[in-house]
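Notes follow once the structure below has been shown.
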Amino acid sequence: MRGFGRWPVRLLPAVDAVVQACLLVAFFAGYFRSGALAVAAGCILAAPLCLRLLRAFGAYDSHRMENSASVARKILSAHVACLAILFVPALLAPQPGVAVRTAGFLLSSATVLTVERLALHGLLRGIRRHGYDRRKVCVIGSQAAAEGFARRFAAEPEWGLEIVCVGTGTPAARRFRGFPSGETLPGQFEELHKRRAIDEVLIVAPAEALPAESQAARLYEQYGLLVRVVLEGGPATQGRVVQDFFGATAVTSAAPRHSESAMAIKRLFDLAVASVLLVLFTPLMAAIALLVKLSSPGPVFFTQVRSGMNGRRFRMIKFRTMVDGAESLIRHSHNSITQGPVFKDPNDYRITPLGRYLRRLSLDELPQLFNVLKGDMSMVGPRPLPVHEADRITGENRRRFSVPPGITCVWQVNGRSNVSYETWMTYDLQYVDKWSIWADTRLLFQTVPAVLLRRGAY
């Protein structure tokens, strides 16, 4: 159930588009059949206009901290605006009854979408009350402010927000502590980001302190985190008002993010591709498992804790390609060919003969399809790194952790271990910034020749 709430929300624009297309056909099918091209053209434009207005009125924003009335108001306001825009052209249409049917279409759309949204809103609130779909928050401000927000979040469990740490002091001398335990955490946010999964940063500051906090906010956004600034008093002077807490105004300052609907399509794409590949490769995986078991002592699978999206840790599974207990053996060779903190040695003595062959063809990575089904990984994305290697990635390069890690990526199709560390990180950031479902599809197809040619596979 982890992250369950994200996918229905991300699918809302697509669901709404289907609903409106069906309603348009129901109300205007007669005009389509009679060849009324002007009406047909208007219908084609009506649904995108309505969807655009829904987005403009905030219908696709996060509703975690809103009540049902606020959600319904956004839907209804968007439809009223759409009616105001379309009604006069509908009255001027030469065909009779267009205005009435337009009003009927928008009334039906408003009714269906409001019922749909309220049902989903209630479902997600119930899920969050039971401890699922949680977002981890770091509060920047005083300990008292963190305690106040914690009490509010505890009183509103349907918001699904959990404070995991608090940062006190000025940006130049900031200290972080765990919450509510109070244990001392690494002094720099970058070190904290390596050790704690954080989804949002909540800065609580008076208006006069905002200039000093702006640089810190840019640092947090650099890692792909959502940043909210809560003014301790007075009206908001910048940004978009999203929620009031204790009479203070919250201002959102979000880092660039991919659309929710696009990320939902990516998840569905991952599920479909991983399911098909598991069916196709089950006989091969069974044969590899038998060979691994017979070729050397030890388990068939190797699992290791890796750093995932926003620092969440998960156990990645692979076919074992090294001798049993390889992680505890001292690496006598330090011939890492990545020229960076990530260790890649083509002559690593711990690799078994069969393991070397499996690595050359990337067959050891087939079990990661189960990680994709579970939701820890994607088919395409920056490669998941062991925690000790991920912790050594610093600065803007840590933005690579703002998307789910993948089985294949730009690095893998462009030479893998033959690529320098800096080029690897550049590839990952380019993927994060320019991701699309078409880019994922292209990279999957490019992976096939890259694997067969065994470029950089050790």
Expected output: side-chain [X] to main-chain [Y] donor-acceptor under 3.5 Å:
X    : Y    : answer
T184 : R177 : no
N371 : R315 : yes
R400 : P382 : no
R350 : M322 : no
H121 : A72  : no
R196 : C138 : no
R117 : A59  : yes
K74  : Y60  : no

Item checked: Set of salt bridge (Lys or Arg N to Asp or Glu O under 4.0 Å) partners for R129, sequence neighbours left out ->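 Here the qualifying residues are E158.
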Check: Under the salt bridge (Lys or Arg N to Asp or Glu O under 4.0 Å) test, which residues partner R398, sequence neighbours left out?
Finding: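 Residues passing salt bridge (Lys or Arg N to Asp or Glu O under 4.0 Å) with R398: none at all.
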Note to self: How long is the straight-line distance from CG of L358 back to OG of S295, given to the nearest 0.5 Å?
What the structure shows: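 Answer rounded to 0.5 Å: 8.0 Å.
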Notebook entry, point to check: Can you tell me how far CD1 of I203 sits from OH of Y220, rounded to the nearest 0.5 angstrom?
Noted result: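 Going from the OH atom of Y220 to the CD1 atom of I203 covers 5.5 Å.
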Indicate yes or no: at least one non-hydrogen side-chain atom of [X] is less than 4.5 angstrom from one of [Y].
X    : Y    : value
L385 : S307 : no
V166 : E147 : no
R152 : W159 : yes
V273 : V372 : no
N310 : I198 : no
F149 : V137 : no
L291 : Y357 : no

Notebook entry, point to check: Between the side chains of D440 and W435, does any donor sit under 3.5 Å from an acceptor?
Noted result: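 The criterion, which ignores hydrogens and geometry beyond distance, is satisfied for W435 and D440.
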Margin query: Would you say R174 and T168 are linked by a side-chain donor-acceptor pair, where the criterion is simply a distance under 3.5 Å?
Written below: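 No.
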Notebook entry, point to check: Relative to the ring of F189, is the ring of H193 parallel (under 30°), tilted (30 to 60°) or perpendicular (over 60°)?
Noted result: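 Parallel: the ring planes of H193 and F189 meet at under 30°.
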Next item on the list: Answer with yes or no after comparing the ring centroid distance for F319 and F301 against a 6.0 Å cut-off, counting only values under it.
Entry: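 F319 vs F301: aromatic centres under 6.0 Å.
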Considering all heavy atoms of both residues, which atom of [X] and which atom of [Y] are nearest to each other, and what is their separation?
X    : Y    : result
T352 : G355 : OG1-N, 2.8 Å
L185 : C165 : CD1-CB, 3.9 Å
M309 : P405 : N-CD, 3.9 Å
A145 : V204 : CB-CG1, 4.1 Å
L373 : R267 : O-NH2, 2.9 Å
R134 : D199 : O-OD2, 4.2 Å

Next item on the list: Given salt bridge (charged side-chain N to carboxylate O under 4.0 Å, His left out), test D16 with R55 step by step and report yes or no.
Entry: CA-CA 11 Å; D16 290 350; R55 188 173 296 280; over 6 Å; no
Note to self: Would you say that more than 12 heavy atoms from the other residues, nucleotides or ligands in this model lie under 6.0 Å from the CZ of F370, or not?
What the structure shows: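 No, because the 6.0 Å sphere around CZ of F370 holds 12 heavy atoms or fewer from other groups.
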Next item on the list: Could you check E389 against R383 for salt bridge (charged side-chain N to carboxylate O under 4.0 Å, His left out), going step by step and ending with a plain yes or no?
Entry: CA-CA 12 Å; E389 292 181 358; R383 285 294 297 163; over 6 Å; no
Note to self: One thing to verify: whether D433 and R399 come together as a salt bridge, which I'm taking to mean a side-chain N less than 4.0 angstrom from a carboxylate O.
What the structure shows: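 Salt bridge: yes.
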Margin query: Could you work out, with side chain to side chain donor-acceptor pair (under 3.5 Å) as the rule, every residue matching R52, not counting sequence neighbours?
Written below: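 So R52 forms no side chain to side chain donor-acceptor pair (under 3.5 Å) with any residue.
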Notebook entry, point to check: Looking at I407, L284, I317, T282, which one forms a side-chain contact (heavy atoms from CB on, under 4.5 Å) with L366?
Noted result: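 It is L284, the one option of I407, L284, I317, T282 that forms the side-chain contact (heavy atoms from CB on, under 4.5 Å) with L366.
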